[in-house]
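See structure below.
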There are 2 protein chains.
Amino acid sequence: MAHGAPAVSAANRQRSPAERIDREAVRAYRLEEQIGHLIRRAHQRASAIFDAVMRGFDVTPVQFAALAKLHDLGPTSQNLLGRMVGIDPATMFGVAGRLAKRGLVRQGPDPSDARRILLDLTGEGRAVVEGMKSVGAEVSARTLDPLTPGEARELQRLLARIC
Amino acid sequence: MAHGAPAVSAANRQRSPAERIDREAVRAYRLEEQIGHLIRRAHQRASAIFDAVMRGFDVTPVQFAALAKLHDLGPTSQNLLGRMVGIDPATMFGVAGRLAKRGLVRQGPDPSDARRILLDLTGEGRAVVEGMKSVGAEVSARTLDPLTPGEARELQRLLARIC
DNA sequence: TGGAGACTGTTCGTGGACGAACGAGCGAGG
DNA sequence: CCTCGCTCGTTCGTCCACGAACAGTCTCCA
């Protein structure tokens, strides 16, 4: 708080604690400077670029994240795969189902644990994920286009720190 | 492409253009380094922090963005308000409806254009948005907690550039 | 002045995000 | 060996995101 005004104004002295308002903070608030808002906007733009570049594959960003990690790991349970890429179990249920319905993934039992469902890439799934990985750098490059290479690396580093 | 291998490997020379795969790019692809994936994860964390700090208000991040901008602008049409904060018209329809149903916003006709619906804060809406703005800095501060103040400003600057 | 083209809000469909609650299965400790 | 607590997948409800299509309205220009 950089200004000299009292933290609680005269107008607020009568109110209940929950309704006390810092007028100076209200006046100073700028939505477009808030980190959450900037991230939300950036997320919209990055998704749009992914859609444009990956159009031909008909796979969403989240579906691709699951496929890509499954490609790295080999057969993996739904929950674990979701944990690796940041998809909660309730969401993963739908994602895995859609990938299975499209024939990109197989859902099988885990012999060592009857609770788990093992996901595995099908041949088509492998072909799709490899095709997408081979042009994946293009998505990041286009998204980072407004920045210099140094700035791009810095942004990547800072985002990784706040995750 | 930093390596010296040919852009199209021998194994791919026989395939159709759509199936040509750069094996080296596939091998080098790291999901967790892709900017889109980092932004998605950051968005999840920022939303969780917003929910924790703003729990008492029962207003989502997107609803707050609309309320905050409406507070800045005064009565505004749905489409324009959406354009100011990055909410597309189809989404804005739902957001405005929920805010109106909760009594935070009034929807009225625009005398000068029969197509438009003017949104306006109610007394309760104003109280809520001012209460939220007065603690809004807390959300950004918590989100940026892992960074130094200089890094935080840099991240903000870089995100603004890629929007 | 009349019509073409643009804009506003609406609807539908698909997909992601997640809290909450639930049953079935697992595993460690009593 | 058995129970308690945890994990796994599932379901429900609410919300955001957005492409596509549509009807009503407006504007501008031929």
Side-chain angles (χ1 to χ4, degrees), chain A residues 36-37 39-52 54-55 57-67 76-102 104 107-119, chain B residues 36-37 39-52 54-55 57-67 76-102 104 107-119:
Chain A
H37 189 251
I39 291 173
R40 178 176 149 268
R41 301 301 304 269
H43 183 238
Q44 292 175 326
R45 177 162 170 273
S47 299
I49 291 172
F50 183 99
D51 289 350
M54 299 297 199
R55 170 161 324 161
F57 294 101
D58 194 32
V59 169
T60 68
V62 168
Q63 287 170 7
F64 171 62
L67 290 176
T76 312
S77 77
Q78 280 187 195
N79 259 356
L80 179 57
L81 181 61
R83 246 179 337 238
M84 301 298 287
V85 296
I87 303 174
D88 84 297
T91 302
M92 194 62 191
F93 173 76
V95 172
R98 284 184 287 272
L99 290 174
K101 197 160 94 179
R102 279 209 41 202
L104 303 182
Q107 296 177 299
D110 181 339
S112 75
D113 188 335
R115 293 169 303 177
R116 290 204 253 266
I117 292 182
L118 283 185
L119 299 182
Chain B
H37 189 252
I39 291 173
R40 178 176 148 269
R41 302 301 305 269
H43 183 236
Q44 292 175 326
R45 177 160 169 275
S47 299
I49 291 172
F50 182 99
D51 288 351
M54 299 295 199
R55 170 160 324 161
F57 293 101
D58 194 33
V59 168
T60 68
V62 168
Q63 288 170 4
F64 172 61
L67 290 176
T76 311
S77 78
Q78 280 187 196
N79 260 355
L80 178 57
L81 181 60
R83 235 172 295 132
M84 301 298 288
V85 297
I87 303 175
D88 84 299
T91 303
M92 195 61 192
F93 174 75
V95 173
R98 284 183 286 273
L99 290 175
K101 196 159 98 179
R102 278 208 42 201
L104 303 181
Q107 296 177 300
D110 180 339
S112 74
D113 189 334
R115 292 169 303 179
R116 289 204 252 266
I117 291 180
L118 284 186
L119 299 182

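Residue numbers begin at 1 in each chain, while the letters A, B, ... track the order of the sequences. All values reported here derive from a predicted model rather than from experimental measurement.
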Protein-nucleotide distance (A:Phe93, atom CZ; D:dC8, atom C1'), rounded to Å
12 Å
In terms of the nearest nucleotide of DNA chain C, which residue is placed more toward the 5' end: B:Ala48 or A:Asp113?
B:Ala48
Please tell me if A:Arg40 has a side-chain N or O lying less than 4.0 Å from either OP1 or OP2 of D:dA17.
yes
Could you pick out which residue, A:His43 or A:Ala114, lies toward the 5' side of DNA chain C when each is mapped onto its nearest nucleotide?
A:His43
Find the distance A:Arg45:CZ to D:dA17:C1' and express it as a whole number of Å.
17 Å
Would you classify A:Ser77 as touching base, sugar-phosphate or nothing, given that sugar-phosphate means primed atoms plus P, OP1 and OP2, and contacts are heavy atoms under 4.0 Å?
sugar-phosphate
N or O in side chain of B:Thr60 less than 4.0 angstrom from D:dC16 OP1/OP2
yes
Go through C:dG16, D:dG9, D:dA17 for me and flag the one nearest to the A:Val95 side chain.
C:dG16
Contact under 4.0 Å: A:Arg115 side-chain N or O vs C:dG23 OP1/OP2
no
Which whole-number value in Å describes the distance from A:Asp88 CG to C:dG16 C1'?
10 Å
What's the CG-C1' distance between A:Asn79 and D:dT11, to the nearest Å?
15 Å
Just the rounded figure in Å: distance from C1' of C:dG19 to CD of B:Gln44.
14 Å
Mind calculating the distance between CG (B:Leu81) and C1' (C:dT8) to the nearest angstrom?
14 Å
In this structure, CG of B:Leu99 is separated from OG1 of B:Thr60 (nearest 0.5 Å) by 7.5 Å
For B:Phe64 and B:Phe50, take the angle between the two ring planes, folded into 0 to 90°, and tell me which bin it lands in: parallel under 30, tilted 30 to 60, perpendicular over 60.
tilted
Quick check for you: among D:dC8, D:dC18, C:dG15, whose closest atom lies nearest to any side-chain atom of A:Arg98?
C:dG15
Contact between A:Val62 and B:Arg40 at the side-chain level, heavy atoms closer than 4.5 Å - yes or no?
yes
Indicate whether OP1 or OP2 belonging to D:dC16 is found under 4.0 Å from a side-chain N or O atom of B:Gln63.
yes
In whole Å, what is the span from the CZ atom of B:Arg55 to the P atom of C:dC18?
15 Å
Checking the side chain of B:Gln78 only, and the main-chain atoms of B:Ala96 only, is there a donor and an acceptor separated by less than 3.5 Å?
no
Against the side chain of A:Ala90, the closest entry in D:dC12, D:dC16, D:dC18 is D:dC12
Is the backbone N or O of A:Asp58 less than 3.5 Å from a side-chain atom of A:Arg102, with the two atoms forming a donor-acceptor pair by type?
yes
Given D:dC8, is OP1 or OP2 found less than 4.0 Å from the side-chain N or O atoms of A:Gln78?
no
For atom CZ of B:Arg41 and atom C1' of C:dC18, their distance in whole Å:
14 Å
